[in-house]
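Accompanying notes for the structure given below.
Order of the sequence lines sets the chain letters (A, B, ...), proteins ahead of strands, with each chain counted from 1. Note that the coordinates shown come from a computational prediction; the quantities given were computed from them, not determined experimentally.
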Number of protein chains: 2
Amino acid sequence: MTTISTRPIETAAHDRLYRYLRQQIMVGELLPGQALTLRGLAKQHGVSMTPVREALRRLVAEGALTLTASGRVSTPELSNERIEELAALRALIEPELSARALPRAHFALIDRLSAINTANAEAVAKHDAVSYIRTNLDFHRTLYLRAQSPAILAVAETVWLQLGPTMRALYGRVQRNEPPRHHRMILAALRAGDEPALRLAVRADVTNGLRHLAQRGW
Amino acid sequence: MTTISTRPIETAAHDRLYRYLRQQIMVGELLPGQALTLRGLAKQHGVSMTPVREALRRLVAEGALTLTASGRVSTPELSNERIEELAALRALIEPELSARALPRAHFALIDRLSAINTANAEAVAKHDAVSYIRTNLDFHRTLYLRAQSPAILAVAETVWLQLGPTMRALYGRVQRNEPPRHHRMILAALRAGDEPALRLAVRADVTNGLRHLAQRGW
DNA sequence: CGCGTGTGAATGTGATCACAAATCCTGCCA
DNA sequence: TGGCAGGATTTGTGATCACATTCACACGCG
């Protein structure tokens, strides 16, 4: 008589830590070059070094963190060339995701996207960098989820992860007074069912945000 | 007897294991659905479970291995939809890499590509699946390295990794009597400096190999 | 005053152990 | 004969420890 211990709810410690750090990095709560130590994170989260090591190893594998020659991990400080590459990847992948989502994008989805866009505008008004990045990514993810292409979306999210700390550092340098104007173009193309216009709007939105970045000194 | 106490230059055990398994998976030495255990790999490589765990966690993060609900790891058995997605990613990314490599593709590179293609033909003649996959990937990687775009290349290699076991399983099912004919088209486009033709040839080469796969039952 | 240097603290790596869940296998019962 | 219940084994998870290397900071020499 084994008691049905429905235990699969609670996830492993290394997995919780992974998710926590991943979210933190993606939305820009960590600045570039920030160092993370095994014992520090372990103490901070009340676990031993073992699950911390696994979580960090996973994040390093995804490019969310970089590894120094001596094994120290820190958030990445991206070079100009690296930023250009990641922008090119976004410009390559995200129009494809949007095109795949287009046939399945109904009114309810467009409404949700509009709502996210409103939240994004509020983040701009409050000069809240983290909220801005989060709502911006939510806008894209919500659209792309309709593409029903998890493998492609996973690649896109990996790119976002790598850009997280850098986007946060960028936020303070550009003068923002409105949400991305391309988001409105994306919504218009979705309503019109116009795939070429949608691809163009997504590509413009993705490359525009990162263009300032590469122009600066860095 | 000789207690070699200090070994500073050597790479870490978990890193060696990671590289070893990654190579094995990418060239198709492991079939889909193959289970890997911590203690098994540890004993097999003369290390403890700790470095094995880190290597596996890293490979899982890259999609090279899948994780069951109970934490077991095994090589992935890809669904049809997943294969289609990965093929689409290759078709999206690799033409871009080839176009970036084109301006830097000189005679020496084309010669090396031809040599790799010859080795590929030998693998076909010997019905050696692993050699076939390895030389095929070498052909692409050698070309893409010239693109000087490590981040984009890394994404491409991640896709190859995910397809490794499946490509091996596929190899036995298709009748191969010649190396990919598109490789010759790629070489011709490189010699002619024709970027549109190069993009088309790469795209055709990439999608052609995986088209059979999706058509079969799987 | 500047800079290399040495010592102590901090850090990553790997091994080992305890524990619980999952899996496998055997044998029993319908 | 078929399926299922039981226990033994396997397996992943997390904690703790020892050790070598790396880093940081302050001291001392030029």
Side-chain angles (χ1 to χ4, degrees), chain A residues 1-22 25 30 32-77, chain B residues 1-22 25 30 32-77:
Chain A
M1 230 33 116
T2 56
T3 60
I4 305 172
S5 61
T6 50
R7 193 76 61 95
I9 317 291
E10 61 175 73
T11 68
H14 67 85
D15 200 60
R16 284 201 313 272
L17 208 78
Y18 163 77
R19 279 191 233 276
Y20 174 78
L21 289 174
R22 177 192 159 98
I25 293 167
L30 269 47
Q34 193 135 128
L36 302 176
T37 66
L38 261 42
R39 288 175 177 82
L41 288 170
K43 207 147 292 183
Q44 188 175 330
H45 291 84
V47 296
S48 78
M49 290 165 53
T50 311
V52 178
R53 248 191 288 188
E54 297 188 53
L56 290 188
R57 198 65 66 187
R58 201 167 157 190
L59 290 165
V60 169
E62 297 184 26
L65 296 172
T66 60
L67 205 60
T68 75
S70 64
R72 258 89 165 174
V73 299
S74 59
T75 51
E77 303 183 86
Chain B
M1 167 164 191
T2 57
T3 57
I4 305 171
S5 53
T6 62
R7 337 179 93 171
I9 308 298
E10 271 189 38
T11 70
H14 66 85
D15 200 60
R16 285 201 312 274
L17 210 81
Y18 163 76
R19 280 192 235 276
Y20 174 78
L21 289 174
R22 179 192 156 97
I25 293 166
L30 269 47
Q34 194 134 129
L36 302 177
T37 66
L38 262 43
R39 287 175 177 84
L41 288 170
K43 206 147 295 183
Q44 187 176 330
H45 291 83
V47 295
S48 79
M49 290 165 53
T50 311
V52 177
R53 248 191 289 189
E54 297 189 54
L56 290 188
R57 198 65 67 189
R58 201 167 157 189
L59 290 164
V60 169
E62 297 184 25
L65 296 172
T66 60
L67 205 60
T68 76
S70 65
R72 258 91 167 172
V73 299
S74 58
T75 50
E77 303 183 86

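- Of the side-chain N and O atoms in T50(A), none sit less than 4.0 angstrom from OP1 or OP2 of dG14(D).
- The nearest whole Å value for the distance from the CZ atom in R39(B) to the P atom in dT10(D) is 10 Å.
- When each of G40(A) and P51(B) is assigned the nucleotide of DNA chain C bearing its nearest heavy atom, the one mapping closer to the 5' terminus is G40(A).
- Residues Q44(B) and L41(B) have side chains in contact (heavy-atom distance under 4.5 Å, counting atoms from C-beta outward).
- Within 4.0 Å of V73(B), counting heavy atoms only, lies no atom of the nucleic acid at all.
- Remark: P of dA15(D) and NE2 of H45(A) are 13 Å apart, rounded to the nearest angstrom.
- Close to dT13(D), at under 4.0 Å from its OP1 or OP2, lies no side-chain N or O of R72(B).
- Look at NZ on K43(B): it is 11 Å from C1' on dT10(D), rounded to the nearest Å.
- In this structure, the CE atom of M49(B) is 12 Å from the C1' atom of dA15(D), given to the nearest Å.
- Look at S70(B) and you'll find a side-chain N or O under 4.0 angstrom from OP1 or OP2 of dT23(C).
- In this entry the distance linking CZ of R53(B) with P of dG12(D) reads 9 Å, nearest Å.
- At least one side-chain heavy atom of D15(A) sits less than 4.5 Å from a side-chain heavy atom of R58(A).
- Taking CG from L65(A) and CG from L30(A), the interatomic distance works out to 8.0 Å, rounded to the nearest 0.5 Å.
- The CZ-P distance, from R16(B) to dG14(C), rounds to 8 Å in whole Å.
- L38(A) has its CG atom 12 Å from the P atom of dG14(C), to the nearest Å.
- Mapping G46(A) and G71(B) onto DNA chain D by nearest heavy atom places G71(B) closer to the 5' end of the strand.
- Distance from the side chain of T37(B) is smallest to dT11(D) among dT11(D), dG14(D), dT13(C).
- In this structure, CG of L17(B) is placed 14 Å from C1' of dT13(C), rounded to the nearest angstrom.
- Residue L41(B) is classed as having no contact, given no heavy-atom separation below 4.0 Å to the nucleic acid.
- Side-chain N or O atoms of R16(A) include one that pairs as donor or acceptor with a backbone N or O of T11(A) at under 3.5 Å.
- No side-chain donor-acceptor contact under 3.5 Å links S74(A) to the backbone of G33(A).
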